[in-house]
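From a predicted model like this one, the values you see are computed outputs, not experimental measurements. Atoms considered below: every heavy atom in the structure, side chains included; atoms not considered: hydrogens, waters and symmetry mates.
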Amino acid sequence: MRNILLFGTFDVLNYGDLLFPLLARHALGGDFTITAVSPTSLRPQWPECMSVISIDDYGDIDADGVLIGGGNIIHCKKDRLPAYQQSGLPERAYRSLWSDAAAFANARRIPVAWNAPGVPVPFAADELEALIAPVVSDANYLSVREQASRDHLGSYGHRFDIVPDTALAVSEMWPRDTLVETLADTLTAAGLDPKTRYAVIHAKRRSMEGDASMMAAQIDDFARTSGLLPVLLPLGLCHADDQIARDISGAMQERHLCLDAPIGLRQITALIAFSEVFVGASLHGFIASASYGRRGVLVAKPRLPKFMGMADHLARPCDVVETWRAGFNRALSALREDAPQAPGEAMQAVHAHWTRVRRLFDGGSPV
């Protein structure tokens, strides 16, 4: 059994990040174990989440390989997350997950692969030479999740493959029919018929247009026009998405469900997998809806490169919009159309990525 150290932010309540260790374990199969390494050793409360060890505690672990990402972790920015501020880590939390991880692998003479993480901003010239150059030199297989990330790596970008965010395979890890009971339990507990038709709505602070009452009015209009029950679903509780959901809920007039304290990754996934449409500001909410062949609209406010990168992989640029009004209008149009096609080509790219990673950790070449 080979032990792979997987580096990322698996210590905070954020839907997409917490999927990655589970997806890696599923994709690599029974010949591998995954040890999740994060800035802190805080284990998120959701039951499916793996235990994690901190960046200060993995040095003595026997490891057969290092896997970096995914998530938007390839940068040197200070982090404002309370967990990292309180642990005295804002300066090094993210850099430790890729630069230090690569140095560790090089010192141990074990292979290192990148699991299609994101590079949110360009590196300065001095950072490219001091940090990216040695990482590129030491790595056996390099990948990022969209063209913008590759561009942000300057002259080293050509060394990186472009692979869709690997959360796209969530429907293979948890097929839709395995989530039926989870969905039924969730809706029944809320006093709803399990056959209720609903739309998942996700808002976060940076995406808001005006105050909660303005957002609530738009959701009320959408509910009346579509006939769907709005389900307010926070996906990034570490970013206070749960408080945003409560604020909006308190201002709404139409009947709705505010699930401000989701109980796990499977519950969140089930709600997205059976929704009539997802409308939200979460990349991984949009990815999950695509994975299950559901309608989805991504409100790109602000218009981050990762949003258009995923839309390009899925050939769905029309499903990325810049305002909530445009988002709800697009959702209404999508409800009159056939559901989107399964992400076949993008999923094949994810499969090919994992084949390379497995081959590398089995002792061969990723090519």
Next item on the list: Would you indicate whether the side-chain heavy atoms of Y198 and L257 approach each other to under 4.5 Å?
Entry: no
Check: Does the ring center of Y58 lie less than 6.0 Å from the ring center of F7?
Finding: yes
Note to self: Hydrophobic cluster membership, with links at side-chain heavy-atom distances under 4.5 Å among I/L/V/M/F/W/Y: are I34 and V357 in one?
What the structure shows: yes
Notebook entry, point to check: How far does CG of L271 sit from CZ of F278, to the nearest 0.5 angstrom?
Noted result: 11.5 Å
Check: Applying the 4.5 Å side-chain criterion to the ILVMFWY set and letting contacts propagate, would L19 and Y292 be lumped into a single cluster?
Finding: yes
Item checked: Side-chain touch L13/W46, heavy atoms, less than 4.5 angstrom -> yes
Check: Is there a path from M208 to M252 through hydrophobic residues (I, L, V, M, F, W, Y) whose side chains come within less than 4.5 Å of each other?
Finding: yes
Margin query: Is the distance between the ring centroids of H75 and Y94 under 6.0 Å?
Written below: yes
Check: Just wondering, are more than 12 heavy atoms of other shown residues or ligands nearer than 6.0 Å to CG in D338?
Finding: no
Next item on the list: With the side chain counted from C-beta on, respond yes when L187 and D193 share a heavy-atom pair under 4.5 Å apart, and no when they do not.
Entry: no
Check: Do the non-hydrogen side-chain atoms of V112 and Y141 ever get within less than 4.5 Å of each other?
Finding: no
Next item on the list: Determine, step by step, whether R266 and E48 satisfy the salt bridge (Lys or Arg N to Asp or Glu O under 4.0 Å) criterion, reporting the C-alpha distance in whole Å, the side-chain angles of both residues, the deciding distance to 0.1 Å, and the verdict.
Entry: CA-CA 8 Å; R266 285 180 62 90; E48 305 93 340; 5.2 Å; no
Next item on the list: State, without any angle test, whether H313 and E345 hold a side-chain donor-acceptor pair at a distance under 3.5 Å.
Entry: no
Notebook entry, point to check: With the threshold set at 4.0 Å, does a side-chain nitrogen-carboxylate oxygen contact exist between R359 and D362?
Noted result: no
